[in-house]
Structure formats: structure tokens, C-alpha cells
J.: 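Take a look at the following structure, please.
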There are 2 protein chains.
Amino acid sequence: MTVPPEAEREGVGDVARLRSIPEASVARLALYLRTLGELSEQGAETVSSDELAAVTGVNPAKLRKDLSFIGSYGIRGVGYEVRPLVHQLEQSLGLNHRQAVALVGVGNLGHALAGYGGFDGRGFPVTALFDVDPDLVGIHINGILVEHVREIPRIAAERGVTIGMIATPGPAAQAVCDLLVSAGVQCILTFAPVVLQVPADVEVRKVDLAVELQILAFHVARRNLDHPGVTTGTTNGHALVNGAADNRTVNGSGGIHS
Amino acid sequence: MTVPPEAEREGVGDVARLRSIPEASVARLALYLRTLGELSEQGAETVSSDELAAVTGVNPAKLRKDLSFIGSYGIRGVGYEVRPLVHQLEQSLGLNHRQAVALVGVGNLGHALAGYGGFDGRGFPVTALFDVDPDLVGIHINGILVEHVREIPRIAAERGVTIGMIATPGPAAQAVCDLLVSAGVQCILTFAPVVLQVPADVEVRKVDLAVELQILAFHVARRNLDHPGVTTGTTNGHALVNGAADNRTVNGSGGIHS
DNA sequence: GCAACTTTGTGCGTGCGTTCACAAGCGGCT
DNA sequence: AGCCGCTTGTGAACGCACGCACAAAGTTGC
Ligand SMILES: NC(=O)c1ccc[n+]([C@@H]2O[C@H](COP(=O)([O-])OP(=O)(O)OC[C@H]3O[C@@H](n4cnc5c(N)ncnc54)[C@H](O)[C@@H]3O)[C@@H](O)[C@H]2O)c1
Ligand SMILES: NC(=O)c1ccc[n+]([C@@H]2O[C@H](COP(=O)([O-])OP(=O)(O)OC[C@H]3O[C@@H](n4cnc5c(N)ncnc54)[C@H](O)[C@@H]3O)[C@@H](O)[C@H]2O)c1
């Protein structure tokens, strides 16, 4: 890249770099970050791209390129120093500030989400719960009071909520989404099997489990075309690594082309 | 493509077609299917690609191309007949047979999943539940007995389980995964934040909520680089459609390039 | 039956993401 | 100090996916 003459200082370069990180890489960076955290706990001080790639199931070259997007400080001949790299990843992913999360819909799934410690532990404290069910509004879950959805605009603003999670039934999701958006929430994670309509400056990520299962089912079907009679698999020791940070973690297809 | 001389008959073509459907398209096909189901309930008999595209937030041309992969029967000048298209999609996605699902780990999240009716309703009956916790083994959830994980190989085979869902803590996930694989399960959906090692003929899809949140957080950070002071959003009427079947449902970036 | 309109199906250019392969850089060893 | 081996960072090729734009094919209206 031949360092642009003036860009010696850090801040400037970072901004430019952040803008240009490919979506797909961002997802993997999050995966690297978590894996590095584990390695760090196990006492590792440096990791080579090959090692980290093996653990995360990613191609080593791709991993290095991903890291290069955040202006990584790897040491040639050695690898990456775990601690600084973790710090750099957190910085680049915007994890230096905690992001308050509001969860709307405290039913079956919502309860599980509200009670999950993993969010707070990773810098995403669930600071507000909402529902319409009078039996739920007023109770506490994990120490957090469930409030009525009509309070979303006020409370979300008060608590500086930046991320909304929607776990309501599908039909209610759009209305809830609108409320969140009107409260200034620009990032939404939804579990409702509905396509949400949002303004252009809001980002939505959808977790659709039924679709996930259907994708798997498709692969079952594809497989059965080849081996119609097979019902039970064989034993096995591990064989192939697998991962990739987006959830499209394919891996079968024994190398057949066209 | 120039039709291979002999491939006049249907069955053959289907196999060839199935093999070659791009992963990304499969995800969207599942989305179309669900949306068509809703349209069908509302009495629609035909849909144009433009209509369906608008509802699902997908580019119309892309949608038509997706449908062409399954050898669609659209009518030029009219659109697609909803009923036959639904049928065709179900066939192509392998939804003509119900796929038995086994769920391992019936804790917070597992309970919600086990109690969810949406899976059975879409052809994915949860037919087996497993856990190690003696307080859980033996109880019924939604009418299904929770069994000990050591029974996985036997019971999964007995009940013809084709899909495994893992909702155990991370550290237990790999062992559980191995058990499922040894029981012949070739498709796994996991919620554990761990990269699973599996043989090459097993497909894993990972739903990693922490990663989802981090991706959203990244976009918050990116945004704040531009508008450092903004805390509360503005009002708005809907603006842009949004969807796409993989959960990477981006949509911001008001058209800026480079 | 013909013309005008509508919508599908797809060929093709473009851009993104992945992967290979290698030069540049760094540490350790002699 | 200089060489050797290892690992990073990236240039460049490849392949896939997206989306435009248009021809083919059907329908409606006259
Ligand atoms: N439970 C699962 O495992 C699971 C799996 C996949 C998808 N989902 C999806 O997640 C969503 C929630 O599933 P669930 O099983 O928790 O459903 P649920 O019915 O148990 O819970 C929904 C909750 O949303 C609340 N609600 C309804 N309308 C609301 C509104 N307008 N504003 C705020 N809250 C409202 C209800 O009072 C209820 O508490 C659904 O869209 C479902 O399709 C759930
Ligand atoms: N709860 C959530 O909302 C949520 C959100 C994101 C991710 N997750 C992930 O989903 C997984 C489950 O989360 P949870 O909140 O339900 O945890 P949990 O601790 O409530 O439940 C885990 C269950 O797995 C069982 N288990 C433990 N070891 C097992 C083994 N070897 N075999 C079979 N079962 C075993 C436990 O007995 C327990 O019932 C975790 O990996 C978590 O990181 C959960």
C-alpha cells in the first residue's frame, strides 16, 4: 500500500480503515476475538495465523487479510501477540464502549435471552425489557424490570440504548421495530420470522431458526440423492476443521465439481 | 448451458439442478417459501417477482434467478402461481419429508427451543431431548421426555433423527457434537459459541448471538465516526425495504461509494 | 387475429470475497 | 555479524454472486 505520506498518526488511518472493512470480515473478526480470549486464558502470549486459523476453521491467508484491515501489528517470524491483538480487535469492533441493549418480548425465547449472562459479559448489558402482557409487565427478570412497550421511546432514550432485540411474535415485530426506531435505536437483532421495514440508516440482523433448519434440510435432501439408502452414519475421529464466522459454516461436498 | 442432449426427462434435471443451487440462494428460497405461505393465506393466487421481491426485500432479478434454480414454472405476463410454487419450493428444499430433530441441552435456551411450536409446524418435529443434569433428565417438556445424553446414539438412530441442535454450554458442545455425529446425524445447528470440529460430511450451522451483537456494535462505531454527537434518532416513516435471506440484512450506507 | 403490454428467464458485465503464492521482515543461532 | 528459517502482509488470479437490461413468451384488449 505504500504508506500515504501524511498518514503517520493513528486516528486518521483508523477511520479510513474502519469504513472499508468488508462485512464478511467483521463477522470473522468477532470470532477471532473470542477465540483469542480463550487462548489468552490458556496462557498463550503469541499466536501464528496458522494456529489461529486452524482453531477458528478459517483459511490462514484470509485471516491475515482480515487482521490487516484493522491495521494489525503482527511480528514476522513470530506471529501475533495475543494481548495487544485482543485490544486492537476490541477497539476496531467498537467494543471499547459497552452498548446498552433493550429486549422486547419476554416470552419463551425472550426469557432465555434476558437470563443469559453471556451478553453482559461481552459488553452488551441488557438494560431494558419490554412486553405487552400485563402478567409480565412489572415482574423482574434477572433483576431487570419488565416495562410496557409504550415506554420504549422514553426508557430507551433515557438509558442510552443503542441495540434493540426483538423476540415478539411475528405479527407484532414490525410495530415494535417502529417503536425502537422512533426511540433512536439504529441497530436491531430480531428473532421474528418477518421481514422488517426500516429506514435506510437502521441496520437489522435477523436470526431465523426455521430458515437455518431448512437450509440443513436442503443438504439432507441433496445428500440423499447420492446415497438413497443410508440411514445411520459411521463412527469417526475428528477429521476436518470447520468454522468461519458468518454462520454459513459449510463443509461437506467431497470436492466434486460441476 | 446448452441443454445436454439426453436430459429431457425431469428427474435427472432435478438432481443436477439441486446440486448446483448456490448456498446463498437456498437461504433465500426458504424465505420466499415462508412469505408465499403468508400470501397464500391472504388469498393470493399469483405473485409477480416484483411483488414478492418487494415483500422479501430482495432484488427482483435475483429472486427470479433464485427461482430459476429450482426449475420454476412462472407464467410470463402474469407471475407465479402461489400454490404450485410453494409446492415446488418445498420439494426442492427437501421439505416433503419431515426431519426429526434432536435437541441437546435443555437449559435456559433449550427450554425455549423445546417449547417452540414453530419447528414442528414447519416440518421439523423435535422428537428427542437430551441433557446431563439429573434434575432435568426424566422430566417432560412439551410432552417430550428428557433423556440422558448417553442415550443419544441409541435414541437418535431409533427415531431417525437427521438434525441435531446443540444448546449446551460451550465446553460441552464438542463432546455432544461427537455423540450426535456418531449417531449418524449429519446436520447440526449449534448455539454454543465454539468452533465445532466435525467430519467432512457433516454440516454445521452456528447461531452465535454474541457475534451478531458485535457486528451491530461495529456499525454503531462506524456511524459514530461520522456523527460523533448524535444520541437520539429522529422520527420517520418507513423508507427502505430490507431483507435477504441470509441474516446479513444490511441496509444503511446511503449510497456512498468508495 | 393482431398489437400493445406485462412479466419471466437469463446473458453479461461488475464488484466482492476468497485463495494462492511470494517477497519482505524479524528473531534466533552459529 | 551474518545467515537461516519462520511468519506476516499483500499483489494478483480466480470464482461467485449480484443486478442490469433485454429478448422471449405469455396475456389482455380491440
Ligand atoms: N421460542 C423459540 O425457541 C423460538 C425459536 C425460533 C423463533 N422464535 C421466534 O421468536 C419470537 C418469540 O418466540 P417465543 O417463543 O418467545 O414467543 P412467545 O409467544 O413465548 O413470546 C412472545 C412474547 O412477546 C410478547 N408480545 C406480543 N406482542 C407484543 C408487542 N406488540 N410488544 C411487545 N411484546 C409483545 C408476548 O406477550 C410474549 O411475552 C417469535 O417471533 C418466534 O417466531 C422463537
Ligand atoms: N440463553 C441464551 O439466551 C443464549 C444466548 C446466546 C447463546 N447461548 C448459548 O447457548 C448455550 C446454552 O445456553 P443456556 O443459557 O441455555 O445455558 P444453560 O446453562 O441454561 O443450559 C445448558 C444446559 O446444557 C446442559 N448440559 C451441560 N453439559 C451438558 C452435556 N455435556 N450434555 C448435555 N447437556 C449438557 C446443562 O445441564 C443445562 O441444562 C450456551 O452455549 C450459550 O452460550 C445462550
Side-chain angles (χ1 to χ4, degrees), chain A residues 1-3 13 17 19-29 32 45-54 56-82 84-85 88 243-246 248-251 253 255 257-258, chain B residues 1-3 13 17 19-29 32 45-54 56-82 84-85 88 241 243-246 248-251 253 255-258:
Chain A
M1 274 279 147
T2 59
V3 187
R17 249 186 257 117
R19 293 204 132 286
S20 61
I21 302 182
E23 276 281 325
S25 293
V26 175
R28 283 190 300 268
L29 289 174
Y32 305 150
E45 304 212 333
T46 62
V47 214
S48 72
S49 64
D50 276 25
E51 286 163 3
L52 187 54
T56 54
V58 171
N59 178 295
K62 178 158 49 172
L63 186 151
R64 289 198 296 273
K65 190 157 283 185
D66 286 342
L67 291 181
S68 78
F69 284 122
I70 63 171
S72 109
Y73 286 71
I75 308 165
R76 294 172 189 230
V78 177
Y80 299 87
E81 289 184 76
V82 175
L85 185 55
Q88 184 68 24
D246 115 29
R248 188 182 297 158
T249 288
V250 191
N251 128 5
S253 93
H257 261 232
S258 141
Chain B
M1 280 274 146
T2 58
V3 187
R17 249 186 256 117
R19 291 203 135 289
S20 61
I21 303 182
E23 276 281 326
S25 294
V26 174
R28 284 190 298 269
L29 289 174
Y32 306 150
E45 305 212 334
T46 62
V47 214
S48 72
S49 63
D50 276 26
E51 286 163 3
L52 186 54
T56 53
V58 172
N59 178 294
K62 180 159 49 170
L63 186 151
R64 289 198 295 274
K65 191 161 283 186
D66 285 342
L67 291 181
S68 79
F69 284 123
I70 62 171
S72 110
Y73 286 70
I75 307 166
R76 293 171 191 231
V78 177
Y80 299 87
E81 290 186 74
V82 176
L85 184 54
Q88 184 69 24
V241 186
D246 115 29
R248 189 180 297 157
T249 289
V250 191
N251 127 3
S253 91
I256 302 149
H257 263 231
S258 137

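Chain letters run A, B, ... following the sequence lines, proteins first and then strands; every chain starts at 1. The model shown is predicted, which means the values in this text are computed figures rather than measured ones.
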J.: Quick one: pull up OH in A/Tyr32 and OG1 in A/Thr56 and give me the separation to the nearest 0.5 Å.
T.: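 Here the interatomic distance stands at 5.5 Å.
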J.: Would you call A/Lys62 and A/Asp66 a side-chain contact if the rule is heavy atoms closer than 4.5 Å?
T.: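 Side chain of A/Lys62 against side chain of A/Asp66, heavy atoms only: contact under 4.5 Å found.
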J.: Taking only the side-chain nitrogens and oxygens of B/Arg28, find out if one of them lies under 4.0 Å from OP1 or OP2 of D/dC18.
T.: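 Affirmative; the distance criterion is met.
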J.: Expressed in angstrom and rounded to an integer, what is the separation of B/Glu23 atom CD from C/dG17 atom P?
T.: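 Answer to the nearest Å: 17 Å.
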J.: Counting only N and O atoms by type, is there a donor-acceptor contact under 3.5 Å from the side chain of A/Gln88 to the main-chain atoms of A/Ile70?
T.: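 Pair found, side chain donor or acceptor close to backbone of A/Ile70.
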J.: In whole angstrom, give the distance that lies between atom NZ of A/Lys62 and atom P of C/dC16.
T.: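 Nearest whole value for this atom pair: 17 Å.
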J.: Can you tell me the distance, in whole Å, between the CG atom of B/Leu52 and the P atom of C/dT6?
T.: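 Answer to the nearest Å: 20 Å.
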J.: OP1 or OP2 of D/dG9 versus the side-chain N and O atoms of A/Tyr80: is any pair under 4.0 Å?
T.: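 True: A/Tyr80 side-chain N/O within range (under 4.0 Å) of D/dG9 OP1/OP2.
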J.: What is the distance from atom CG of A/Leu67 to atom OH of A/Tyr80, rounded to the nearest 0.5 Å?
T.: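 Reported value, rounded in 0.5 Å steps: 5.0 Å.
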J.: Can you tell which of D/dT7, C/dG27, C/dC20 lies closest to the side chain of A/Ile75?
T.: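 From the listed options, C/dG27 comes nearest.
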J.: More 5' along DNA chain C: A/Arg64 or B/Asp50, using each one's nearest nucleotide?
T.: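 Result of the comparison: B/Asp50.
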J.: Give, for atom CZ of A/Arg64 and atom CG of A/Asp50, the distance between the pair rounded to the nearest 0.5 Å.
T.: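 These two atoms lie 6.5 Å from each other.
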J.: So, is A/Ser49 close to the D/dT8 phosphate, meaning a side-chain N or O under 4.0 Å from OP1 or OP2?
T.: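 For A/Ser49, the contact criterion (side-chain N or O under 4.0 Å from OP1 or OP2 of D/dT8) is met.
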J.: Tell me whether the side-chain N or O atoms of B/Lys65 pair up with the base of D/dG19 as donor and acceptor below 3.5 Å, since no angle test is needed here.
T.: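 It does, because a donor-acceptor pair links the side chain of B/Lys65 to the base of D/dG19 below 3.5 Å.
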J.: Could you tell me the separation between the OH atom of B/Tyr73 and the P atom of D/dG26, rounded to a whole number of Å?
T.: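 Atom OH in B/Tyr73 sits about 13 Å away from atom P in D/dG26.
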J.: Heavy atoms from C-beta onward define the side chain here; which of C/dG17, D/dT27, D/dA17 lies closest to that of B/Pro22?
T.: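 Nearest to the side-chain atoms of B/Pro22, counting from C-beta on, is D/dA17.
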J.: Not counting sequence neighbours, which residues clear side-chain contact (heavy atoms from CB on, under 4.5 Å) with B/Glu51? List them please.
T.: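 side-chain contact (heavy atoms from CB on, under 4.5 Å) check on B/Glu51 returns B/Val47, B/Ser48.
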J.: Starting at CG of B/Asp66 and ending at P of C/dT10, how long is that distance when rounded to a whole Å?
T.: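 Rounded to the whole Å, the gap is 13 Å.
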J.: Could you tell me how far apart A/Leu67 (CG) and D/dT10 (P) are, to the nearest whole angstrom?
T.: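 Checked: the CG to P distance equals 11 Å.
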J.: Output all residues satisfying side-chain contact (heavy atoms from CB on, under 4.5 Å) with B/Pro22, sequence neighbours left out; order by chain, then residue number.
T.: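 Partners of B/Pro22 under the side-chain contact (heavy atoms from CB on, under 4.5 Å) test: B/Ser25, B/Phe69.
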J.: Just how far, in rounded Å, is P of D/dC20 from CG of B/Leu63?
T.: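 My rounded result for the distance is 14 Å.
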J.: Could you state the CD1-C1' distance from B/Ile21 to D/dA17, rounded to the nearest angstrom?
T.: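 For the pair B/Ile21 CD1 and D/dA17 C1', the rounded distance is 15 Å.
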J.: Tabulate atom names and distances for all N/O pairs under 3.5 angstrom spanning the protein and nucleotides 2-5 of chain D.
T.:
none

